[in-house]
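Both ligands and their constituent atoms are indexed starting at 1 by order of listing. Position 1 is the first residue of the sequence, and the numbers go up from there. The analysis underlying the following values was restricted to heavy atoms, covering all of them including side chains, and did not include hydrogens, waters or symmetry mates.
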Amino acid sequence: MNAPEFIDTAGKIVADGKGLLAIDESTSTCNKRFAKWGIPQTAETRRKYRELIVSTPGLGESISGAILYDETIRQQKNDGTPFAKALIGVGIIPGIKVDTGAKEMAACPGEKITEGLDGLRARLAEYFQMGARFAKWRAVFAIGDGIPSQGCIEANAHALGRYAALCQEAGLVPVIEPEVLMDGAHTLRTCGEVTEEVLRAVFIQMHLQRVKLEGLILKPNMVLPGSTCPKQETVDEVADATVRCLLRTVPAAVPGVAFLSGGQTGELASARLNGMNLRFKSRLPRALAFSFGRAIQEPALEIWHGDPRNVQAAQQALCHRARCNRAARRGEYNATVEGDHRKHTAHAISDLELAGSAR
Ligand code: 13P
């Protein structure tokens, strides 16, 4: 019997030093990001922004797949081409966020459970018809006094297992995203302990629910000190702690890990990914890739500002950030690569300022 196609797709997602671009912000999250820059929060501005991203020249050189949101996969470019078709046309695999959000977990203050299983089989079949070949489901775990609880870890891991099995049944690669949040003053060591516990629970569920490990991608957090922890470890220390955690918890059959950025700056996310690949790439059983949202998009969104005159400069900034992460996958990201990016971004911003002063 031939191997299912989703196993081949999982390999393609992490092949050639590329990674995923997450543009699957829900409508409310996308609106919040727009509000920060005074961009109107309408379906049309969201469509224009996603068109800017999808049409970025050269994006497919660094990006293997793009994660869309339900609204976005139903939208088209100005010329009528559906976004999923446009992505396929430039060699980027379309993916889709299929959870319906992390909601307050009953009886567990400060904890969340991700919803979206009801009706999922039918939704996956529809997304497959629309061209999606992988899906994403995000579970979130906050670190705090007595949390995450065993109940929260088990419930979310179980939901991830149900989601992953349904994805493979529908021919889609499940990207499983158990995110331990970096908010708080906890130490790197605590983040490592919690991440280990979460990943163990997740892979027990993958096993119990008969998910094929060769056909999934893990999208975890890096092991980091909390954002307000006074001690912030070096890039190398983060690389060591993250790789140790993955070696202890992720079965070797899993073809790839694609980290989320979780609120790190673009530069730091690239540097830490680079540190892992530089130090461990030759000794690891799998690819260490990226599936960044903010860490790739932020400069582009700031430059765009909702103004059509800034589209090209924003696309260049997006492409540069994606290239930096491709370099990080090879362990070749350094000040020169980032310097080009900075020069480019500074140039784009000064062009903008010039354009602004001429207005
Ligand atoms: P960030 O890289 O901005 O954390 O986004 C990744 C993502 O897909 C969140 O679910």
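Using cut-offs of 30° and 60° on the angle between ring planes, the pair Tyr49 and Phe34 is perpendicular.
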Inset, instruction - Given ring pair (Phe, Tyr, Trp, His ring centres under 6.0 Å), test Phe6 with Phe134 step by step and report yes or no. - result: CA-CA 8 Å; Phe6 63 80; Phe134 69 97; over 10 Å; no
Inset, instruction - Would you please test Leu246 and Leu288 for side-chain contact (heavy atoms from CB on, under 4.5 Å) and show each step? - result: CA-CA 10 Å; Leu246 295 174; Leu288 293 185; 4.0 Å; yes
Legend entry - Criterion side-chain contact (heavy atoms from CB on, under 4.5 Å) on Ser291 and Leu260, from CA distance to verdict: CA-CA 5 Å; Ser291 177; Leu260 59 95; 6.0 Å; no
Tabulate distances under 3.5 Å between N/O atoms of ligand 1 and N/O atoms of the protein, writing both atom names on each line.
{"from": "ligand 1", "atom 1": "2 (O)", "to": "Ser261", "atom 2": "N", "distance (Å)": "2.9"}
{"from": "ligand 1", "atom 1": "2 (O)", "to": "Ser261", "atom 2": "OG", "distance (Å)": "2.4"}
{"from": "ligand 1", "atom 1": "2 (O)", "to": "Gly293", "atom 2": "N", "distance (Å)": "2.8"}
{"from": "ligand 1", "atom 1": "3 (O)", "to": "Ser261", "atom 2": "OG", "distance (Å)": "3.4"}
{"from": "ligand 1", "atom 1": "3 (O)", "to": "Arg294", "atom 2": "N", "distance (Å)": "2.8"}
{"from": "ligand 1", "atom 1": "3 (O)", "to": "Arg294", "atom 2": "NE", "distance (Å)": "2.8"}
{"from": "ligand 1", "atom 1": "4 (O)", "to": "Gly262", "atom 2": "N", "distance (Å)": "2.7"}
{"from": "ligand 1", "atom 1": "4 (O)", "to": "Arg294", "atom 2": "NH2", "distance (Å)": "3.1"}
{"from": "ligand 1", "atom 1": "8 (O)", "to": "Lys136", "atom 2": "NZ", "distance (Å)": "2.8"}
{"from": "ligand 1", "atom 1": "8 (O)", "to": "Lys219", "atom 2": "NZ", "distance (Å)": "2.6"}
{"from": "ligand 1", "atom 1": "10 (O)", "to": "Lys136", "atom 2": "NZ", "distance (Å)": "2.5"}
{"from": "ligand 1", "atom 1": "10 (O)", "to": "Glu177", "atom 2": "OE1", "distance (Å)": "3.1"}
{"from": "ligand 1", "atom 1": "10 (O)", "to": "Glu177", "atom 2": "OE2", "distance (Å)": "3.1"}

For a quick test of your reading: what N or O donor-acceptor pairs under 3.5 Å do the side chains of residues 142-153 make, sequence neighbours left out?
{"from": "Ser149", "atom 1": "OG", "to": "Glu111", "atom 2": "OE1", "distance (Å)": "2.7"}
{"from": "Ser149", "atom 1": "OG", "to": "Cys152", "atom 2": "N", "distance (Å)": "3.1"}
{"from": "Gln150", "atom 1": "NE2", "to": "Glu154", "atom 2": "OE2", "distance (Å)": "3.0"}

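With salt bridges taken as basic N to acidic carboxylate O contacts below 4.0 Å, one links Glu115 and Lys103.
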